[in-house]
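Notes follow once the structure below has been shown.
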Amino acid sequence: MRRWLHSNLGLFLRRIALLYVVLMLCRIVFYLYNRSLIGPIETGEFTSLLKGSLLFDTASIVYANLLFAVLSLLPFRFRERGWWRQILFWYYAIVNSILIVTVNLADCVYFRYTQKRFTADEIFFADNSNSAQLLLKFAAENWYLPLIGVLLIVLLVRGYGRRITPQSPLRDVWYIRYPIDTLSLVLVVLLGIAGMRGGMTRMTRPITLSNATLYTPSSEKANMILSNPFCILRTISSSGSIQYTRYFPDEELDRYFTPVHCPDSTAVDLKGRNVVIFIMESMSAEHSAYLKPELYTDSGQKGYTPFLDSLMSRSLCFDRMYANGSRSIQAMPCVLGSIPSFKQPFVLMPQSLGKSRQLPQILADNGYGTLFFCGSERGSMGFGAYARSAGVERLVSREDYEAAHGTDDFDGYWGIWDEPFLQFMGEELTKTPEPFMATLFTLTSHHPFEVPERYRDSLPDGTTKIHKGVAYDDMAFRRFYHRFQHEEWFRRTIFVFVADHVSSEKMAEETRTFPGNYHIVGFIHTPDGALAPQRMEEPIQQIDLMPTLLGLLGNREPYFAFGRDVLSEPDREPWAVVYDSEFRAVTEDGYLSLDEEGNSSSTGYSRPDSVTIQTQNRLKALIQQYYRHIEAKNYTVEDF
C-alpha cells in the first residue's frame with residue numbers, strides 16, 4: 001500500500017485532494033466573513049451546497065492545475081529527476097498559492113463591497129495607480145485574512161510531500177510501466193476536461209457562473225458556491241469594461257426608449273390565473289398552415305401543426321412573431337425576463353448574475369409557485385441555471401421523470417421524449433397548489449430529428465428532416481390538452497406557446513433570409529375563452545411576452561423590460577429587434593439595420609425619412625440602454 005501511495009499517480013492524487021481541502025477551508029472563511037450577507041445555512045441546504053461547491057472546485061482545480069497534471073504524469077524517466085521534481089513543486093506552490101488561496105481569500109473582502117466574486121473584469125479594473133495602495137489598506141484592515149492565507153500556503157507546501165521519492169508499485173520494465181503510465185495520463189486529462197465542462201454528456205454545456213443557482217435560489221449562497229480561478233478564467237472572454245457607442249447623453253435616452261414600465265390599466269383582467277409557458281424547440285412559422293397558408297396551397301399538405309393551428313384560431317395569435325435570437329440559450333431571458341441577447345447570449349455573460357426582477361420572481365413575490373420543466377438532465381444546456389437566477393423555485397428534469405416512470409422514455413440523445421414528458425408535467429401541475437407559473441422547454445424537434453419508433457410510420461415525413469419531429473410535438477400537445485382539459489387548474493390557466501428560434505431545416509426561401517429567418521410560432525390561449533380570439537398582424541417579439549402577461553395579470557407595479565405590453569401600451573411602437581451581424585429592427589412596413597457606429601441602411605420602406613429616423617433613434621437608444629444596464633449589472637427599476 002505504501003508503494004501505491006508513494007507512486008507518481010498516488011502522490012498526484014494526494015496533492016489534488018489537498019487542493020479540495022484548501023478550497024473548502026477558503027469557502028468556510030468566506031462564509032464566516034460574509035455570513036451577515038449570505039444568511040444562515042439550513043440543514044436541508046447543506047447537501048446541495050456541498051455538491052455545487054465540489055463542482056466548481058473541480059473546475060477551479062483543473063483550470064489551475066491541468067498543466068501540472070500533465071507534467072506530473074508524463075510517462076518518461078526524467079520525471080523522477082530532482083530538477084523535474086523541483087519544477088513540479090514550485091509550479092504547484094506558486095500557482096495554487098496565488099489562484100487557490102490568495103484570490104479566494106481576497107474574494108471575502110471583495111464580495112462584501114460588491115456582492116459578486118472576483119472575475120476577469122477586476123483584472124482590467126485593477127490597472128489603476130491606487131490599486132496597490134487599496135490592496136495594502138484592505139490587508140491591514142483585515143490582517144487575519146493574510147494570516148489565514150499564510151497558514152493555508154504552509155499547508156499546501158507541507159502537504160505536498162516534497163521529500164517523498166516516488167516509488168513504482170509495478171515491475172520496472174517498459175512494456176508494463178509505459179502503457180500503465182500512458183493510460184493514467186489519458187484518464188486524468190479526460191477527467192480534467194469533464195471537470196472544466198461540468199460533465200461529458202452531449203447535453204452538457206460548459207458551466208458558467210449562473211450554474212451555481214442550480215444548487216441554491218439565493219444569489220448570495222450561489223456566490224459562496226463559486227470559487228476561483230474558475231470565476232476569472234470563465235469570464236476572460238467577456239472581461240474588461242463594457243464597450244459600446246453612446247449615441248445620446250444618458251439623460252436623453254428615455255426620450256427615445258426606456259425599459260421602465262409604469263402600468264396603469266389593462267385591456268383584459270385575468271388576475272390570479274395560472275401561467276404555463278411552452279418554449280418550443282425550432283418551431284418556425286413555416287411549419288404552420290395557419291400562419292403561412294401560401295406555402296401549402298399547391299402541395300395538399302395541411303401543415304405540420306394542425307392541433308396548434310386549431311388553438312391559434314381560438315387564441316390571441318401573433319401572425320408576425322419574431323425570435324430575438326437564433327439560439328436556444330437566448331430564448332429564455334427573452335421570454336421570462338424581457339432581456340434580449342445581442343453579440344453574445346445574455347445567459348453566458350457574467351453580468352447575467354446582476355440584480356433583476358424577472359417574470360418568475362415578480363409572480364413568486366405575488367404568491368405564485370414557480371416551476372421549470374425540461375426533459376434533459378438537471379443542469380444541462382444552462383436552462384435550469386438561468387431559470388433559478390430568474391426566480392424559479394422548482395426545477396423538474398429527466399431525473400424526476402425517471403424516478404416516477406422509469407428510464408424507457410429516454411430518447412438516447414437529449415432527454416425524455418416530449419409526449420410523455422408533457423403528460424408528466426400535467427401530472428405534476430395537478431398536484432401543485434394554485435396559482436402557479438410553469439415553463440416547459442421541449443426537446444424532440446431537434447437534431448438528430450428522431451421520433452419514438454411507434455410513431456415513425458404514422459407521422460408525415462414532410463419535406464425537411466424536422467417536419468416529422470414537429471408533427472410529433474403537435475400530437476404531444478394534442479394529447480396533453482385531451483388528458484388535462486377538464487382539470488380545474490387547466491381552465492384557469494393562461495397558456496403561452498412560443499418557439500425558441502427558427503429551425504435549422506428550412507423549407508421556404510423567405511425563411512432563409514432576414515426577417516423570415518426569425519419568424520416563429522407564438523400565441524396566447526385561454527381554454528375558457530376569457531382572452532378573445534384575435535389575430536395581431538403587427539410585429540411581436542419574444543421580449544413582449546413578459547410585459548403582456550403582466551398586463552393580463554393586472555400588475556400595477558413598475559417593472560423593467562425591453563419589450564412592450566402588446567395589448568395595453570399603444571404608445572410603444574410595435575417592432576422586433578435582433579442582432580444578426582448588425583443591430584436590426586423589424587417594423588410594420590419593413591426593417592432597418594445599424595452598424596455599431598450607428599450607420600444605417602433600410603429596406604422595404606415607403607414612408608417619410610423623418611419616420612425612419614425616429615425608428616433609428618429608438619433602436620440606438622435601446623442598444624445604449626441595454627449595454628448601460630449590462631455595465632451596471634442591474635436590470636431593475638430601483639436603484640439605478
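These values consider heavy atoms only, across backbone and side chains, with no hydrogens, waters or symmetry-generated copies.
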Reported [atom1]-to-[atom2] distance for the pair [X] and [Y], which is rounded to 0.5 angstrom:
{"X": "M437", "Y": "Q361", "atom1": "CE", "atom2": "CD", "answer": "11.0 Å"}
{"X": "F383", "Y": "L440", "atom1": "CZ", "atom2": "CG", "answer": "11.0 Å"}
{"X": "L23", "Y": "L18", "atom1": "CG", "atom2": "CG", "answer": "10.0 Å"}
{"X": "E487", "Y": "R492", "atom1": "CD", "atom2": "CZ", "answer": "10.0 Å"}

Keeping the roles fixed (side chain from [X], backbone from [Y]), state whether a donor-acceptor pair exists under 3.5 Å.
{"X": "Y31", "Y": "G39", "value": "yes"}
{"X": "N34", "Y": "C108", "value": "yes"}
{"X": "H261", "Y": "A561", "value": "yes"}
{"X": "D474", "Y": "V470", "value": "no"}
{"X": "N142", "Y": "L145", "value": "no"}
{"X": "R394", "Y": "T370", "value": "no"}
{"X": "Y92", "Y": "R15", "value": "yes"}
{"X": "E419", "Y": "M475", "value": "no"}
{"X": "S389", "Y": "Y386", "value": "yes"}
{"X": "D400", "Y": "S397", "value": "yes"}

Discussion item. Between R483 and Q423, is the side-chain hydrogen bond (donor to acceptor under 3.5 Å, both in side chains) condition met? List the steps.
Written reply: CA-CA 8 Å; R483 178 176 174 185; Q423 298 289 313; 3.0 Å; yes
Discussion item. Please identify which of these residues, V392, L336, L359, meets the side chain to side chain contact (heavy atoms under 4.5 Å, CB included) condition with T439.
Written reply: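 Per the side chain to side chain contact (heavy atoms under 4.5 Å, CB included) rule, the option paired with T439 is L336, out of V392, L336, L359.
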Item to complete: Please list, chain by chain and in numerical order, all residues satisfying side-chain hydrogen bond (donor to acceptor under 3.5 Å, both in side chains) with H405, sequence neighbours excluded.
Response: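 H405 satisfies side-chain hydrogen bond (donor to acceptor under 3.5 Å, both in side chains) with E427 only.
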Non-hydrogen side-chain atoms of [X] and [Y] separated by less than 4.5 Å:
{"X": "D473", "Y": "E281", "answer": "no"}
{"X": "L443", "Y": "C374", "answer": "yes"}
{"X": "N366", "Y": "E557", "answer": "yes"}
{"X": "I41", "Y": "M224", "answer": "yes"}
{"X": "N96", "Y": "V101", "answer": "no"}
{"X": "M332", "Y": "I279", "answer": "yes"}
{"X": "N274", "Y": "I494", "answer": "no"}
{"X": "C26", "Y": "L105", "answer": "yes"}

Determine whether the aromatic ring centres of residues [Y] and [X] are separated by less than 6.0 angstrom.
{"X": "Y518", "Y": "Y322", "answer": "no"}
{"X": "F111", "Y": "Y33", "answer": "no"}
{"X": "H629", "Y": "F560", "answer": "yes"}
{"X": "F346", "Y": "Y635", "answer": "yes"}

Would you kindly say whether [X] and [Y] are connected by a side-chain donor-acceptor distance under 3.5 Å?
{"X": "S356", "Y": "Q358", "value": "yes"}
{"X": "S328", "Y": "H501", "value": "yes"}
{"X": "Y20", "Y": "T58", "value": "yes"}
{"X": "S445", "Y": "S282", "value": "no"}

Worksheet item: Can you name the closest pair of heavy atoms from N324 and C334 and give their distance?
Response: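 Nearest heavy atoms, N324 then C334: CB-SG, 3.6 Å.
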Using 4.0 Å as the upper bound for N to carboxylate O, is an ion pair formed by [Y] and [X]?
{"X": "D365", "Y": "R357", "answer": "yes"}
{"X": "R378", "Y": "E399", "answer": "no"}
{"X": "R628", "Y": "E631", "answer": "no"}

Item to complete: Mind checking ring-ring contact (aromatic ring centres under 6.0 Å, His included) for Y368 and listing every partner two or more places apart, or none if nothing turns up?
Response: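 Partners of Y368 by the ring-ring contact (aromatic ring centres under 6.0 Å, His included) criterion come out as none, since no residue qualifies.
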Worksheet item: For F421, is the NZ or CZ atom of R398 found under 6.0 angstrom from the centre of its six-membered ring and inside 45 degrees of the ring axis?
Response: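 No cation-pi geometry.
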Discussion item. Before you tell me yes or no, could you show the steps for V276 and M425 under side-chain contact (heavy atoms from CB on, under 4.5 Å), namely the whole-Å CA-CA distance, both residues' side-chain angles and the distance that decides it to 0.1 Å?
Written reply: CA-CA 10 Å; V276 171; M425 177 191 191; 3.6 Å; yes
Discussion item. Under the ring pair (Phe, Tyr, Trp, His ring centres under 6.0 Å) test against F495, which residue among F484, Y481, F523 passes?
Written reply: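 Result: among F484, Y481, F523, Y481 is the only option passing the ring pair (Phe, Tyr, Trp, His ring centres under 6.0 Å) with F495.
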Worksheet entry | Audit row: D418, Y472, side-chain hydrogen bond (donor to acceptor under 3.5 Å, both in side chains) steps and yes/no | CA-CA 8 Å; D418 285 339; Y472 169 79; over 6 Å; no
Fill in: Results of salt bridge (charged side-chain N to carboxylate O under 4.0 Å, His left out) for D57 - residues two or more places apart only
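Residues passing salt bridge (charged side-chain N to carboxylate O under 4.0 Å, His left out) with D57: R27.
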Worksheet item: Passes side-chain contact (heavy atoms from CB on, under 4.5 Å), Y63 versus L99? Steps please.
Response: CA-CA 10 Å; Y63 278 135; L99 294 181; over 6 Å; no
Fill in: Residue pair Y244, F342: steps toward the side-chain contact (heavy atoms from CB on, under 4.5 Å) verdict
CA-CA 12 Å; Y244 61 97; F342 286 145; over 6 Å; no
Item to complete: Just do the side-chain contact (heavy atoms from CB on, under 4.5 Å) check on F30 and I38 with the steps written out, would you?
Response: CA-CA 10 Å; F30 180 92; I38 297 172; 3.8 Å; yes
Worksheet entry | Residues F373, F278; criterion ring-ring contact (aromatic ring centres under 6.0 Å, His included); working and verdict | CA-CA 9 Å; F373 292 81; F278 295 114; 9.5 Å; no
Worksheet item: What do the steps show when you test F441 against F372 for ring-ring contact (aromatic ring centres under 6.0 Å, His included), and what is the final call?
Response: CA-CA 8 Å; F441 210 118; F372 175 71; 7.1 Å; no
